[in-house]
Amino acid sequence: MTDKKTFYVTTPIYYVNDVPHLGHAYTTVVADCLSRFHRLRGEEVFFLTGTDEHGQKVEQAAAAAGISPQDHCDRMVHRFQDLWRQLDTSHDDFIRTTQERHIRVVQAILTDLHDRGEIYKDSYQGWYCVPDERFWTEKDIEGGNCPDCGRPVVEITEENYFFRMGKYRQWLVDYITENPDFVRPQTRRNEILGFLRKDLGDLCISRPKERLSWGVEIPFDTDFVTYVWFDALTNYITAPGYLVDEKRFTRTWEGAHHLIGKDILTTHAVYWPIMLHALGLPQPKTIFAHGWWTIEGRKMSKSLGNVVDPGRLAEEYGIDAIRYFLMREVPFGLDGDFSKRALIGRINNDLANDLGNVFSRILAMTKKYFDGFVPPSGSGESPLAAQGAAAWEEVGKAAEKIAPHLALAAIWEFIGRINKFLDDEKPWILARDPEQRDRLARCLREGLEALRFTAILLAAFMPHTAARMWADLGLDGGPSLRGTVPGWNGLPEGGRTTLSGPLFPRIEEKD
RNA sequence: GGCGGUGUAGCUCAGUCGGUCAGAGCAUACGGCUCAUAUCCGUAGAGUCGGUGGUUCGAGUCCACCCACCGCCA
């Protein structure tokens with residue numbers, strides 16, 4: 001008997017020193033939507049996020065604050081944890097690279113690879129800027145001076161540990177070639193294949209402690225700490241239990257999907273696969289690199305002062321509106337622009353006029369003509385059922401493809417159908433004729449049922465909105481399927497609906 | 001410089017194997033409805049599908065070159 005595999009999705013571990021911004025929130029929100037969708041379908045899900053806490057910047061920031069690096073991390077990590085709490089993301093685990101559970105496994109991995117000759121020590125020469133405590137290669141230095149501060153550098157010879165990455169180049173080229181969905185989107189896959197056309201060197205994976213002490217100690221040489229790669233990337237396997245809970249690990253790892261920003265493509269699509277291969281582990285299903293958000297057409301940067309705080313956005317516009325915008329506005333994988341105008345456009349057109357209004361008009365008529373009670377279904381066709389089922393199928397396909405924009409497009413097409421249905425049936429006309437009472441009942445019943453179905457469709461993407469709709473429709477609990485596919489007639493007859501006000505009030509643009 | 005990509009209606013973009021592919025949404029205009037958050041439904045626009053030259057019975061859709069952007073690497 002085989003265990004059912006888990007849908008496993010990761011975000012990068014964010015550098016604990018960074019100020020959380022829209023880019024962080026974007027990746028995490030998409031991972032959250034995928035997770036919620038797979039859970040809704042009854043699948044086992046493991047959604048992982050976390051923080052990368054080692055390195056020089058942390059060490060320096062801690063020193064400047066006069067506290068230990070660990071204390072510094074413990075303070076800083078809350079900014080991410082608080083943001084995810086505020087955005088209500090549904091991650092199952094939050095890994096910190098300074099956690100004992102992680103360090104232990106990192107060291108075991110290093111020992112394993114070292115024992116098998118995959119890691120070796122070598123010396124190399126380069127130039128060192130003493131005041132900056134930075135190492136530069138031949139290419140970096142400018143006329144014998146540090147490219148950073150302009151002061152003279154000194155030639156030194158340094159020893160470090162290296163991972164035999166280069167010899168796996170052809171293996172990786174073949175793997176990527178044979179697995180078209182491994183690196184996505186297509187354009188990023190091309191980039192990696194282009195990158196791999198050239199020689200691939202071995203990877204320096206350590207730093208002498210004199211230069212960097214805040215890191216995971218190399219278990220077989222305590223004068224060194226491991227540098228970035230084997231510390232950070234390995235979080236994806238340490239969290240699901242590699243070397244600790246093999247059964248759980250295997251089941252989880254089989255369904256692994258890494259969501260990353262395009263800035264860390266090489267580390268994830270070259271270093272990481274080779275590290276896994278050297279460890280004898282299978283590859284994740286997909287490494288999906290998404291694009292960047294510009295802000296009002298300009299790159300987000302501290303110097304421009306336009307770094308968007310997702311928490312403030314959520315406070316101002318609501319979590320679900322932000323989620324909707326991020327996922328609908330741009331096909332996942334491409335760059336996009338975050339502008340107030342576009343955001344308000346989406347909120348007013350899609351959320352207020354389409355979704356909010358159709359919800360409002362059906363509930364208002366239910367209240368007006370049936371005193372808020374769900375009318376009996378009677379007999380006859382359910383003209384919207386097939387459309388709903390089609391939308392559900394589209395959403396599923398989009399989720400498989402990691403294309404949330406297509407999922408939302410399909411849901412909005414369904415919402416359009418509901419509006420059209422109402423305009424065709426004209427329940428407000430039927431209501432004037434007592435003879436048409438049954439037909440009116442069926443019409444509104446169908447509309448209400450469509451709203452219930454819409455709540456299910458939306459549950460993964462806009463969980464708060466879906467829950468609110470569910471409650472207003474007089475249903476208990478939250479949007480759920482009771483099966484692998486949402487059924488149609490799910491509204492209990494005689495249920496009491498409530499008209500609790502607009503789902504999304506229109507935002508009046510003021511100049 | 002090498003590799004890859006993009007250039008389609010005012011705006012943002014779809015367009016798989018070459019032949020109803022010249023499309024969608026937004027914006028705009030007009031019409032309809034009034035249950036609804038001045039919301040909803042319908043209709044309309046003609047954009048030389050970056051340029052030039054090819055292949056073909058037929059090309060946004062393939063090829064060559066050119067122009068303009070962008071990404072990766074160096």
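Here is the naming used below: chain letters follow the sequence lines, and residue numbers restart at 1 for every chain. Just so it is clear, the values below take in all heavy atoms, side chains as well, and ignore hydrogens, waters and symmetry mates.
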Next item on the list: Have a look at Asp424(A) and say if it touches a base, only the backbone sugar-phosphate, or nothing, with a 4.0 Å heavy-atom cut-off.
Entry: nothing

Next item on the list: Could you please spell out the steps behind the side-chain contact (heavy atoms from CB on, under 4.5 Å) verdict for Ile237(A) and Leu281(A)?
Entry: CA-CA 10 Å; Ile237(A) 56 176; Leu281(A) 289 172; 3.9 Å; yes

Next item on the list: Fill in the dot-bracket string of RNA chain B, one character per base: . for unpaired, | for a pair to another strand, ( ) or [ ] for pairs within the strand, taking Watson-Crick or G-U pairs under 3.5 Å.
Entry: (((((((..((((.........)))).(((((.......))))).....(((((.......)))))))))))).

Rounding to the closest angstrom, what is the interatomic distance between [N] and [M] at atom [atom1]?
N       : M       : atom1 : result
rU6(B)  : rU39(B) : C1'   : 38 Å
rU43(B) : rU52(B) : C1'   : 39 Å
rC66(B) : rG23(B) : P     : 34 Å
rC57(B) : rG10(B) : P     : 35 Å
rA46(B) : rU8(B)  : C1'   : 13 Å
rA44(B) : rA24(B) : C1'   : 16 Å
rG50(B) : rA22(B) : P     : 16 Å
rU20(B) : rC26(B) : P     : 26 Å

Notebook entry, point to check: About how many Å separate CG of Asn235(A) and CG of Asp52(A), when rounded to the nearest 0.5 Å?
Noted result: 8.5 Å

Report all side-chain donor-acceptor pairs from residues 190-198 of chain A shorter than 3.5 Å, counting only partners two or more places apart or in another chain.
from	atom 1	to	atom 2	distance (Å)
Glu191(A)	OE2	Arg188(A)	NE	3.4
Glu191(A)	OE2	Arg188(A)	NH2	2.8

Just how far, in rounded Å, is [atom2] of [N] from [atom1] of [X]?
X         : N       : atom1 : atom2 : result
Arg341(A) : rA27(B) : CZ    : P     : 10 Å
Leu265(A) : rG4(B)  : CG    : P     : 17 Å
Arg328(A) : rG25(B) : CZ    : C1'   : 8 Å
Leu408(A) : rG25(B) : CG    : P     : 17 Å
Lys262(A) : rU6(B)  : NZ    : P     : 15 Å
Phe325(A) : rC26(B) : CZ    : C1'   : 13 Å
Leu406(A) : rU16(B) : CG    : P     : 15 Å
Leu343(A) : rC26(B) : CG    : C1'   : 15 Å

Item checked: Summary of side chain to side chain donor-acceptor pair (under 3.5 Å) pairs that have at least one residue in residues 172-181 of chain A, sequence neighbours excluded -> Gln170(A)-Asp174(A)

Note to self: Please list all pairs meeting side chain to side chain donor-acceptor pair (under 3.5 Å) that have one or both residues in residues 388-405 of chain A, counting only residues at least two apart or in different chains.
What the structure shows: Arg41(A)-Glu400(A)

Margin query: My understanding is that only residues two or more places apart in sequence, or in another chain, count here; which of them pass salt bridge (Lys or Arg N to Asp or Glu O under 4.0 Å) with Arg184(A)?
Written below: none

Margin query: If only side-chain N and O atoms count, and only distance matters, is there a donor-acceptor pair under 3.5 Å linking Asp202(A) with Tyr120(A)?
Written below: yes

Notebook entry, point to check: Side chains of Asp231(A) and Thr226(A): is there a donor and an acceptor less than 3.5 Å apart?
Noted result: no

Determine all donor-acceptor pairs shorter than 3.5 Å in which one atom belongs to a side chain in residues 328-338 of chain A; sequence neighbours excluded.
from	atom 1	to	atom 2	distance (Å)
Arg328(A)	NH1	Tyr324(A)	OH	2.7
Glu329(A)	OE1	Arg346(A)	NE	2.7
Glu329(A)	OE1	Arg346(A)	NH2	3.4
Asp335(A)	OD1	Lys262(A)	NZ	3.1
Asp335(A)	OD1	Trp292(A)	N	2.8
Asp335(A)	OD2	Lys262(A)	NZ	3.0
Asp337(A)	OD1	Thr294(A)	OG1	2.7
Asp337(A)	OD1	Glu296(A)	N	3.3
Asp337(A)	OD1	Gly297(A)	N	2.5
Asp337(A)	OD2	Gly297(A)	N	3.4

Please enumerate all protein N or O atoms sitting under 3.5 Å from an N or O of nucleotides 10-14 of chain B, with distances to 0.1 Å.
none

Notebook entry, point to check: Do side-chain atoms of Glu155(A) reach the backbone of Gln125(A) as a donor and acceptor pair under 3.5 angstrom?
Noted result: no

Notebook entry, point to check: 5'-most contact on RNA chain B: Lys420(A) or Thr266(A), nearest heavy atom basis?
Noted result: Lys420(A)

Next item on the list: Pull out every residue in residues 176-195 of chain A that has a heavy atom closer than 4.0 Å to any atom of RNA chain B, ordered by number, or say none.
Entry: Arg188(A), Asn190(A), Glu191(A), Phe195(A)

Check: Base of rG60(B) relative to its sugar, syn (within 90° of 0) or anti?
Finding: syn

Atom pairs and distances, donor-acceptor, side-chain atoms in residues 453-467 of chain A, under 3.5 Å, two or more places apart:
from	atom 1	to	atom 2	distance (Å)
Thr454(A)	OG1	Ala450(A)	O	2.7
His464(A)	NE2	Asp88(A)	OD2	3.2
Thr465(A)	OG1	Asp320(A)	OD2	2.7

Checklist line | Sequence-aligned protein contact record of nucleotides 28-37 of chain B, with B where the base is within under 4.0 Å of a protein heavy atom and S where only the sugar-phosphate is | finding: ----BSSBBB

Item checked: Nearest heavy-atom neighbours spanning Arg298(A) and Asn306(A) -> O-ND2, 3.9 Å

Check: Can we call the ring centroids of Trp229(A) and Phe163(A) under 6.0 Å apart?
Finding: no

List, one per line, each side-chain donor-acceptor pair under 3.5 Å for residues 431-442 of chain A, sequence neighbours excluded.
from	atom 1	to	atom 2	distance (Å)
Asp433(A)	OD1	Glu435(A)	N	2.9
Arg437(A)	NH1	Tyr369(A)	O	3.1
Arg437(A)	NH2	Tyr369(A)	O	2.9

Checklist line | Set of side chain to side chain contact (heavy atoms under 4.5 Å, CB included) partners for Gln86(A), sequence neighbours left out | finding: Leu83(A), Ala314(A), Glu315(A)

